[in-house]
S.K.: 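Below is a structure I'd like to ask you about.
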Amino acid sequence: MTYLDELNPTQREAAEHTEGPLMIIAGAGSGKTRVLTYRIAHIIEKGASPFSILALTFTNKAAREMKARIGKLVGDADAKALWMGTFHSVFARILRFEAEKLGYPKNFTIYDTDDSKGVIKEILKTFNLDDKVYKPSLVLNRISSAKNNLIGYKQYLSNPTYMTDDRASQKPMLGEVYEAYQKRLFRAGAMDFDDLLFNTNVLLRDFPDVLIKYQDKFKYILVDEYQDTNFSQYVIVKQLAARYENLCVVGDDAQSIYSFRGANIQNILNFEKDYPDVKKLFLEQNYRSTQNIVNAANSIISKNTEQFEKNVFTHNGVGEKIKILCSATDNEEGYKVANSIFNIKMNMQLPNAAFAILYRTNAQSRAFEEGFRKLNIPYRIYGGVSFYQRKEIKDVLAYFRLAINPNDDQSMRRVINYPARGIGQSTIDKISVLAADNDASIFTVIDNLHDFNPEINAGTAGKLKDFAAMVKSFGNIATQQDAFETANHIINSTGILRDLNKEKTPEEISRVENVEELLSAVKGFIETERTPQEEELKQDIVEQQVPNTEDLFAQQADTGIKTIDEFMQEIALLTDADKNKDDEHADKISLMTIHASKGLEFPYVYIVGLEENLFPSQMALMDKSDLEEERRLFYVAVTRAEKQAFLSYAERRFKYGNPVFCEASRFIDEIDSQYLEYPDGGDKPKERLVDFNGGGETSYQKNYTKTSNIDLLKPKQASPVLKRNLVSTNKINTQAAPVDAQAIKSIKEGTLVQHDKFGNGTVLALEGDFPNIKATIQFDLGGQKQLLLKYAKLKVV
DNA sequence: AGCCCCGGTGAAGTC
DNA sequence: CACCGGGGCT
């Protein structure tokens, strides 16, 4: 038990309080992971089986690292036996063994967002709906948030509020699209990410024996990052914990930054209502950062209204003040930050890994990359297009998926004619219609062609049959051989590699390399042991004496072969943090979004692009609660820093190809100025009126003037839209509602407006929801146009 | 069937 | 500006 002595009294209390509900509010850098690992180790040492402990983390990486640390305390065998992972991966694993109760095959496919969007597009086609009105991404968001709130399509269709909302937003068919979407996925034997949680809830709700089984099994439940759980996850946890109530949730309401995907901060704020006898502990001592950083962060978060009272403090040194960097343009920001890093690195003899650049949006990385390249400093970008998103990889994976589940229509469409085998669009259309009409999958149709009487010539029918036979043969191999053999076979017999090797362009060569890399990932996969959880579940199945002798999992339990099916399960649930292929140990500067930086720490942190409309983002400015979330995001960013933080902004920045004047972010002003150091060395913001005419014309200005097609450089004619950018960059209007919004809202039907290009016009009609209002305008000269108000920069005449 | 060019459109964060 | 999808051409 000596390791418990390494904890401070509150931490230790948290680790030793193992029975009953416990809520740990853990401030940034307060040693949360340490407490969690010690707590779990402690539970095991007290005699609990690791199989009875369920620990839900935010990323698989976090789970992996925590397991490794627990392994050091209690031994790897016990650590490996823990049920630890993301909500999605843990419950996907359980669903594999219970899905048939819900009518899904146990080898169901997990659809990613691209798959989902594809399904929506097809539905829109069959319903003859305009995909500009029913934007797939919006439709999907709507469906997703319904599912995260446990609203199935039947409830959705019978809910008057949803129906009214959808009619009001000109999308009365949304409920029907939801229904069709769900039915298509079911037919394809597929679940999307939200279904994994939704269906887990259905399972626990409708099958009391299953609920009891898992309630009994999980005697200890821990949930990390509880502030970012959604309703669906909340209900799962509540159900599973109902028996023992040994439930420990850990989180920091100040770091809740995922409401856009349904996370509900109320889950943590209301925890004590659900469990009145909860033990509440506050970890308030920060071990990560200097006093300046901790105090500055406190002053930021104090502006929020919804939060637990807490007092984060540190005994670390005072440290350097937070430095403000101001650049003329986004490009200059890149050089300035790169130079600043270079200087500190040289002066203090630090490794590159001591520095991180955090931004609001991925698109901001470019300027910094250039800066680092000029100075020859190695860097690494987190996020972006992941390996598994690449076209050639998705093609190969589609074959893998078909081998496992031939009814997976999205994969079927992807490769039915890739590499080309003479199955054209019109043929695909015909069989798609047949499939939809008969509520069958595409595979079912082509595998039983003569039953469906398609109007297809004999030659094409033969090709379809051949393809169906190939898919079937892949299926056989997939169940009998290991993942690597299957993958090899599929890649070779489909001719994908041949297709990629046709041309020797650098692009194609890198594609071949990617496919080879995928193969070696499969190889690596079969060489690792299967997890104890899989064995446990399989054992469970065997004990239940599943009668079906062809049962895939029973077979695997016998042979011990790791199949392609298991490989796909694993990669379908990787989080972006897990997908980074770059080697982690190389000494590089890290560039990432603030969201991606959650849970990480760096000695020197540069938070860049601190400008109104960028951070806080334009979208967040519309809504007070969004602004609070944005502020929490800023809090997360600042608290990543150990030694020093830098805040950088640019006065001009290219957005959508146009130069835009920027105003320093209100967040800078919100920090108590005693913790800040401005560029001129003072502790007060410099008066920075934007000077349009005076001063030498820099090359930047020339550049901007040339490419600008809007009136940014003529303040005299400033429209309401532009006015905001012309005000002094100090406090003045940071509290006021954005002028953008007002300008947009002031436009009604019949309003006379002026447009840069089209001249004067009259608004005929408006449609869509703010801020995406589209206006139909009759221009005196330019005729009738449809314009999006948020882009159109209209002036009211 | 495949390629190219054009025009339109979008630009936050993610399992 | 960068990307995507559609349409048209070969």
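For the numbers below, each heavy atom of this structure counts, side chains included, while hydrogens, waters and symmetry mates do not.
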S.K.: Where each residue is assigned the nucleotide of DNA chain B containing its nearest heavy atom, which of D626(A) and N417(A) is assigned the position nearer the 5′ end?
M.R.: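 Taking each residue's closest nucleotide, the earlier one in sequence belongs to N417(A).
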
S.K.: Please give, in whole Å, the distance from dG13(B) P to D228(A) CG?
M.R.: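 One finds 16 Å between P of dG13(B) and CG of D228(A), rounded.
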
S.K.: Would you kindly give the OH-to-P distance between Y388(A) and dT14(B), to the nearest whole Å?
M.R.: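 Those two atoms, OH and P, are 18 Å apart.
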
S.K.: Looking at Y359(A) versus H595(A), is the centre-to-centre ring distance below 6.0 Å?
M.R.: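 That pair fails the under 6.0 Å test.
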
S.K.: Between dC15(B), dA12(B), dG5(C), which nucleotide has the shortest distance from any of its atoms to the side chain of K121(A)?
M.R.: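 That would be dG5(C).
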
S.K.: By nearest nucleotide on DNA chain B, pick out whichever of Q425(A) and A596(A) is the more 5' one.
M.R.: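 Mapping each residue to its closest nucleotide by heavy atoms, the 5'-most match is Q425(A).
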
S.K.: Rounded off to whole Å, could you give me the OH-to-P distance for the Y359(A) and dA11(B) pair?
M.R.: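 In whole Å, dA11(B) P and Y359(A) OH are 18 Å from each other.
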
S.K.: May Y258(A) be described as stacking on the base of dG13(B), applying a 5.5 Å centroid limit and a 30° limit on plane angle?
M.R.: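 Aromatic stack with dG13(B) absent for Y258(A).
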
S.K.: So S89(A), base contact, sugar-phosphate only, or nothing? Heavy-atom distance under 4.0 Å.
M.R.: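 Result for S89(A) = nothing.
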
S.K.: Describe the nucleic acid contact of A420(A) in one word from base, sugar-phosphate, nothing, applying a heavy-atom distance below 4.0 Å.
M.R.: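 Sugar-phosphate, no base atom in range.
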
S.K.: Distance check: side-chain N/O of K598(A) vs OP1/OP2 of dT14(B), anything under 4.0 Å?
M.R.: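 So the side chain of K598(A) is outside the cut-off, no N or O lying under 4.0 Å from OP1 or OP2 of dT14(B).
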
S.K.: Please identify which of these residues, D195(A), D192(A), D408(A), meets the side-chain hydrogen bond (donor to acceptor under 3.5 Å, both in side chains) condition with Y111(A).
M.R.: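 That would be D408(A); it is the only one of D195(A), D192(A), D408(A) passing the side-chain hydrogen bond (donor to acceptor under 3.5 Å, both in side chains) with Y111(A).
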
S.K.: Which nucleotide in the list dG10(B), dC15(B), dG13(B) gets nearest to the side chain of R360(A)?
M.R.: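 Of the options given, the side chain of R360(A) lies nearest dG13(B).
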
S.K.: For N613(A) and dA12(B), what is the distance between atoms CG and C1' respectively, to the nearest whole Å?
M.R.: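 After rounding, the gap between these two atoms is 14 Å.
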
S.K.: Assign I423(A) to base, sugar-phosphate, or nothing according to its heavy-atom contacts below 4.0 angstrom with the strands shown.
M.R.: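 Here I423(A) touches the backbone only, sparing every base.
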
S.K.: Which nucleotide in the set dA12(B), dG10(B), dC15(B) lies at the smallest distance from any side-chain heavy atom of E630(A)?
M.R.: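 Out of dA12(B), dG10(B), dC15(B), the nucleotide with an atom closest to E630(A)'s side chain is dA12(B).
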
S.K.: Pick from E332(A), E612(A), E611(A): which one makes a salt bridge (charged side-chain N to carboxylate O under 4.0 Å, His left out) with R653(A)?
M.R.: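 For R653(A), the salt bridge (charged side-chain N to carboxylate O under 4.0 Å, His left out) check succeeds only for E611(A).
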
S.K.: Please report, rounded to the nearest Å, how far the P atom of dA2(C) is from the CD atom of Q364(A).
M.R.: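 The distance from CD of Q364(A) to P of dA2(C) comes to 16 Å, rounded to the nearest Å.
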
S.K.: Can you tell me the distance, in whole Å, between the CZ atom of F58(A) and the P atom of dG13(B)?
M.R.: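 Going from CZ in F58(A) over to P in dG13(B) covers 14 Å.
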
S.K.: Of the non-hydrogen atoms in S411(A) and R401(A), which two are nearest, and what is the gap between them?
M.R.: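 Scanning both residues completely, I find the closest heavy atoms to be OG-NE, 2.9 Å.
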
S.K.: What distance, rounded to whole Å, do you find between the two C1' atoms, one in dA12(B) and one in dG5(C)?
M.R.: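 It works out to 23 Å between them.
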
S.K.: In whole Å, I'd like the distance from the OH atom of Y382(A) to the C1' atom of dT14(B).
M.R.: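 After rounding, the gap between these two atoms is 18 Å.
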
S.K.: K61(A) NZ to dC15(B) P: how many Å, rounded?
M.R.: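 In whole Å, dC15(B) P and K61(A) NZ are 12 Å from each other.
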
S.K.: Within 45° of the six-membered ring axis of Y388(A) and under 6.0 Å from that ring's centre, is NZ or CZ of K394(A) located there?
M.R.: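 The answer is no, since K394(A) fails at least one limit relative to Y388(A).
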
